[in-house]
Amino acid sequence: MKSGMYDSVILLRQCVLPAILLIFLGACGDDYREKLAGRGSHARPVELILDEDGRPAPSVLAEEQELNRDNGQEPQTLDPHLAEGLPSAHILRDLFEGLTAQSPEGRIVPGAAIRWNISRDGKTYTFYLRRDALWSNGDPVTAADFVFGLQRSADPATASKYAQVLLPIENAAEVLAGDLPPSELGVSAMDEFTLQISMRDPTPYFLALLSHSSTYPVHRPSVEEHGSAFSRPGNLISNGAYILSEWVIRSRITLVKNENYWGAGNVILEKVNYFPFEDRSTALKRFRAGKLHWTSSVPNNQFKWLQKHYPDELVISPWLGSYYFGFNLEREPFIENPGLRKALILALDRDLLTEKVTQFGELPSYTLVPPGIMDYVSPVPEWAEWTQAEREAEAKRLYAEAGYSEDNPLQFEIRYTAGLNNKKMALAASSLWKQVLGVQATLLNEEYKVFLQNRERKILTQVFQAGWISDYSDPYSFLNLFRTGHGRNDYGYSNSLYDALLDEVAAERIPSRRRRLMYETERLLLADVPFIPLYTYVTKRMVNPRLKGWQSNVMDHHYSKDMFFLKAATDEATTVVEELETSETVSEETTTTILLEDIDIPVEGDDPLSTEQDLLPAEPAQDTETLEPGQELPPEQKETDDSGENKPTEVVDDVETIVEDSPG
């Protein structure tokens with residue numbers, strides 16, 4: 001193509017064509033504006049019809065079954081025993097299958113094991129594997145594969161970050177410490193398809209742990225042949241619903257259906273593409289353009305706009321995690337001073353914090369264990385039922401009773417790690433404490449590793465950011481954090497009665513008794529006030545309304561094998577952009593097809609993405625390369641911790657100022 005002609009096409013694409021589109025939108029009226037604003041911008045699905053086996057009827061399924069999922073970040077590895085973090089976990093659930101799995105609503109269901117028996121004392125589990133379970137290369141999945149996988153995960157030489165998941169297994173602690181060889185781990189193959197696991201103590205939540213990637217089997221011949229490169233494309237042999245097809249660094253990871261999977265007949269999605277969009281705004285643009293069907297999250301500053309314009313696509317649901325502040329009970333002024341600690345708890349308006357600071361539909365929290373765990377409801381402290389004015393009045397009384405006043409204000413430091421929400425929450429809390437009680441709090445932002453080190457040492461900390469998202473759906477995961485000597489008990493909390501109750505919880509096998517024990521354990525913890533409950537985490541994402549088969553669950557675990565696309569209800573539901581993509585090209589002379597699929601068209605209103613730049617086509621991914629077998633992830637793609645300067649942050653006078661001054 002001649003240079004002049006090329007320049008003309010570029011000019012047409014970047015300047016003239018967007019202008020024509022805007023004129024076209026004006027002529028279309030409010031209907032198309034509303035569609036592009038969100039309502040109707042994605043095709044509505046036809047009504048779901050199930051066949052006699054409970055499967056979607058073929059007549060309602062879309063012709064193309066390919067899912068594009070935003071994964072947030074590039075995973076560091078797809079070795080199930082070395083992986084850490086959500087980006088790896090999402091993909092590994094598609095590639096591998098543990099002894100147990102999870103249903104769309106989050107219940108534990110059979111995975112590679114079709115059934116199991118548990119001994120009367122709760123200390124011996126016998127699993128019976130599916131005889132039709134195969135590895136992706138056609139080899140049978142055997143009990144020996146699980147023995148090898150569990151021993152490899154527990155082996156100190158593997159250096160698994162999540163090996164502690166195996167601690168309930170007999171001899172696991174000794175193996176992890178290097179005092180016993182991996183062969184002494186309490187797992188054994190009774191025969192080709194029967195696996196037995198011996199436990200140190202009864203562990204009622206053990207079945208849930210067996211769906212974690214640290215317990216997945218690995219294909220021993222592949223590991224022995226390829227070493228650390230066994231999990232790379234072309235080498236990875238997996239036993240899940242999908243096979244690793246391609247890994248293009250900084251671009252996508254592609255999985256295709258595993259025809260050797262025992263349940264392949266029930267898997268509808270043929271292909272799943274995972275995209276590492278670290279920028280949430282970019283992911284949202286792709287979703288609005290129809291390039292993504294599922295986002296990992298949404299931009300911090302666009303929640304209300306999305307609620308208004310994309311009510312069907314925006315999905316908010318509870319997550320199994322709690323955010324709170326911790327007290328250091330080994331340092332003044334909080335040693336043996338529960339009244340003062342309670343005063344600080346009561347002075348915080350959680351409704352204000354979640355509405356004005358977090359702004360994402362987070363739920364105000366008054367307990368440690370978040371809602372959503374089946375068959376468990378936390379004890380609610382009496383003050384949770386009070387008005388905020390009543391709480392503040394009691395806070396002032398307790399504050400004065402502890403010896404503090406306007407002339408003698410309480411002074412302490414709040415330590416937090418980098419992250420906009422962490423800073424905003426610390427600023428808001430200090431502001432409320434200043435307004436209600438006259439407290440003078442100094443904020444210290446610390447680099448993540450320094451922050452964790454200071455928390456653990458309990459020498460400098462007074463009040464600090466804390467939180468917990470559980471790996472399994474059981475209150476014990478949260479309650480055990482405050483056990484005397486626990487590795488994450490950075491609060492210095494120690495209560496022999498609390499520890500005894502935890503021991504009873506661990507040993508109790510009758511569900512109703514165990515729930516009652518956990519209820520009493522949490523009630524004791526709340527009475528001792530070693531932490532400040534703030535809010536319960538939520539997941540927030542955009543989901544194409546034609547994507548079905550999944551459900552919100554507190555674990556936020558979603559298997560692609562359960563999902564499928566329905567047909568669009570009508571052809572009218574497609575966006576203007578999609579309609580214009582089929583239009584004629586500019587002229588036959590150029591022989592250049594100009595696609596509009598990457599163009600975001602601004603509309604009237606408060607669309608946070610409507611900027612001049614959005615008229616330009618999205619740039620293709622830069623510097624992408626295919627990950628070859630044995631190739632390591634580039635250093636710049638390895639996960640790093642955000643760091644912040646370790647210096648005091650100025651406390652502002654009101655929460656509104658915090659919201660206005662904080663971007664996003």
Arg69-Tyr274 side chain donor-acceptor pair, cut-off 3.5 Å = yes

For side chain to side chain donor-acceptor pair (under 3.5 Å), just list the numbers for Ser317 and Thr539, CA-CA rounded to whole Å, side-chain angles, deciding distance to a tenth of an Å, and then say yes or no.
-> CA-CA 5 Å; Ser317 58; Thr539 58; 2.8 Å; yes

Under the 3.5 angstrom rule, does the side chain of Asp474 hit a backbone N or O of Tyr205 as a donor-acceptor pair?
-> no

Looking at Ser473 and Val554, what are the two nearest heavy atoms and their distance?
-> OG-CG2, 4.2 Å

For residues Asp191 and Thr194, is any side-chain donor paired with an opposing acceptor at under 3.5 Å?
-> yes

Among all residues two or more places apart in sequence or in another chain, which pass the side-chain hydrogen bond (donor to acceptor under 3.5 Å, both in side chains) test with Trp116?
-> none

Say you draw a straight line from CG of Asn71 to CG of Asn68; how long is it, rounded to the nearest 0.5 Å?
-> 12.5 Å

Can you tell me if Asn117 and Thr126 form a side-chain donor-acceptor pair at under 3.5 Å?
-> no

Can any side-chain N or O of Ser88 pair as donor or acceptor with the backbone N or O of Thr77 at less than 3.5 Å?
-> yes

Where at least one partner belongs to residues 131-152, residue pairs that pass ring pair (Phe, Tyr, Trp, His ring centres under 6.0 Å), sequence neighbours excluded | Trp135-His219

Could you walk me through whether His212 and Tyr162 pass the ring-ring contact (aromatic ring centres under 6.0 Å, His included) test, one step at a time?
-> CA-CA 9 Å; His212 191 273; Tyr162 278 101; 5.0 Å; yes

Interatomic spacing from NE2 in His90 to OG in Ser560 - rounded to 0.5 Å = 10.5 Å

Euclidean distance, Thr536 OG1 relative to Trp319 CH2, rounded to 0.5 Å | 12.5 Å

Would you say Glu64's side chain and Glu66's backbone share a donor-acceptor pair under 3.5 angstrom?
-> no

Do Lys548's NZ or CZ and the ring of Phe564 fall within the cation-pi criteria of under 6.0 Å and 45°?
-> no

Between the side chain of Ser211 and the main-chain N/O of Ala101, is any donor-acceptor distance below 3.5 Å?
-> no

Salt-bridge contact Asp503-Arg483 (side-chain N to carboxylate O under 4.0 Å) | yes

Distance in Å, Leu166 CG paired with Ser160 OG, rounded so as to fall on 0.5 Å steps | 7.0 Å

Under 3.5 Å side-chain donor-acceptor pair for Ser136 and Asn258 | no

Hey, does Asn553 have a side-chain heavy atom less than 4.5 Å from the side chain of Gln102?
-> no

What do the steps show when you test Glu74 against Arg250 for side chain to side chain contact (heavy atoms under 4.5 Å, CB included), and what is the final call?
-> CA-CA 7 Å; Glu74 189 90 35; Arg250 293 186 288 276; 4.3 Å; yes

Could you go step by step and tell me if Asn422 and Thr417 meet the side chain to side chain donor-acceptor pair (under 3.5 Å) rule?
-> CA-CA 7 Å; Asn422 295 332; Thr417 187; 5.6 Å; no

Which atom names give the shortest non-hydrogen contact between Tyr242 and Leu269, and what distance separates them?
-> OH-O, 3.0 Å

Does Arg541 reach the side chain of His558, with side-chain heavy atoms less than 4.5 Å apart?
-> yes

Verify, without hydrogens or angle tests, whether Asp53 (side chain) and Arg55 (backbone) share a donor-acceptor contact under 3.5 angstrom.
-> no

Interatomic distance, CG@Leu78 vs OG@Ser238, rounded to 0.5 Å, equals 10.0 Å

N/O donor-acceptor pair under 3.5 Å between Thr158 side chain and Arg152 backbone = yes

Do any N or O atoms from the side chain of Asp70 and from the backbone of Trp294 form a donor-acceptor pair under 3.5 angstrom?
-> no

In terms of heavy-atom contacts, Tyr324 and Leu368 come closest through CE2-CD1, 3.9 Å

Given the side-chain rings of Phe206 and Tyr125, with only the six-membered ring counted for Trp, is the space between their centroids under 6.0 Å?
-> yes

For the pair Tyr535 and Tyr537, name the ring-plane relationship: parallel under 30°, tilted 30 to 60°, perpendicular over 60°.
-> perpendicular

Test: Glu246 and Arg252 ion pair at under 4.0 Å = yes

Compute the ring centroids of His293 and Phe565, then answer whether they are less than 6.0 Å apart.
-> yes

According to the interplanar angle, ranging from 0 to 90°, do the rings of Tyr491 and Phe464 count as parallel (below 30°), tilted (30 to 60°) or perpendicular (above 60°)?
-> parallel

Salt bridge present between Arg200 and Glu170 (N-O < 4.0 angstrom) | no

Closest approach of Arg488 and Trp468, non-hydrogen atoms and distance?
-> NH1-CZ3, 3.4 Å

How about Met374: does its CE atom have over 12 heavy atoms from other parts shown lying under 6.0 Å from it?
-> yes

Carboxylate-amine/guanidinium contact Arg514 Asp375, below 4.0 Å | no

Is the closest side-chain heavy-atom distance between Met563 and Leu67 below 4.5 Å?
-> yes

Thr484 backbone acceptor or donor facing Asp499 side chain under 3.5 Å | yes

Beyond-backbone contact of Phe451 with Gln465, side-chain heavy atoms, under 4.5 angstrom | yes

State, to 0.1 Å, how close Thr367 and Ser365 come at their nearest heavy-atom pair, and which atoms those are.
-> O-OG, 3.0 Å

Do His81 and Tyr216 pass the ring-ring contact (aromatic ring centres under 6.0 Å, His included) test, and can you show the C-alpha distance, the side-chain angles, and the key distance before you say yes or no?
-> CA-CA 8 Å; His81 303 148; Tyr216 289 166; 8.0 Å; no

With a 3.5 Å cut-off and no angle check, do the side chains of Ser245 and Thr254 form a donor-acceptor pair?
-> no

Determine the minimum heavy-atom distance between Glu522 and Val369, stating which atoms define it.
-> OE2-N, 3.0 Å

List the steps and the verdict of side chain to side chain contact (heavy atoms under 4.5 Å, CB included) for Asp201 and Met199.
-> CA-CA 5 Å; Asp201 296 302; Met199 310 297 293; over 6 Å; no

Is the distance between the ring centroids of Phe531 and Phe325 less than 6.0 Å?
-> no

Is there a donor-acceptor contact under 3.5 Å linking the side chains of Arg286 and Thr295?
-> no

Do we see a donor-acceptor contact under 3.5 Å between the side chains of Glu105 and Trp550?
-> no

Pair Arg232 + Asp79, salt bridge at N-O below 4.0 Å = no

Determine whether Ile197 and Thr124 make a side-chain contact, defined as any pair of heavy atoms from C-beta on separated by less than 4.5 Å.
-> no

If only atom types and distance count, is the side chain of Asn239 paired as donor or acceptor with the main-chain N or O of Glu97 below 3.5 Å?
-> yes

Under 3.5 Å: donor-acceptor pair, side chain of Asn328, backbone of Thr461 = yes

Does the side chain of Val505 reach to within under 4.5 Å of the side chain of Leu479, using non-hydrogen atoms?
-> no

Neighbour count >12 (heavy atoms, 6.0 Å) for atom NZ, Lys458 | yes

Any side-chain heavy-atom pair from Val223 and Arg220 closer than 4.5 angstrom?
-> no

What distance separates Arg455 CZ from Asn489 CG, expressed to the nearest 0.5 Å?
-> 10.0 Å

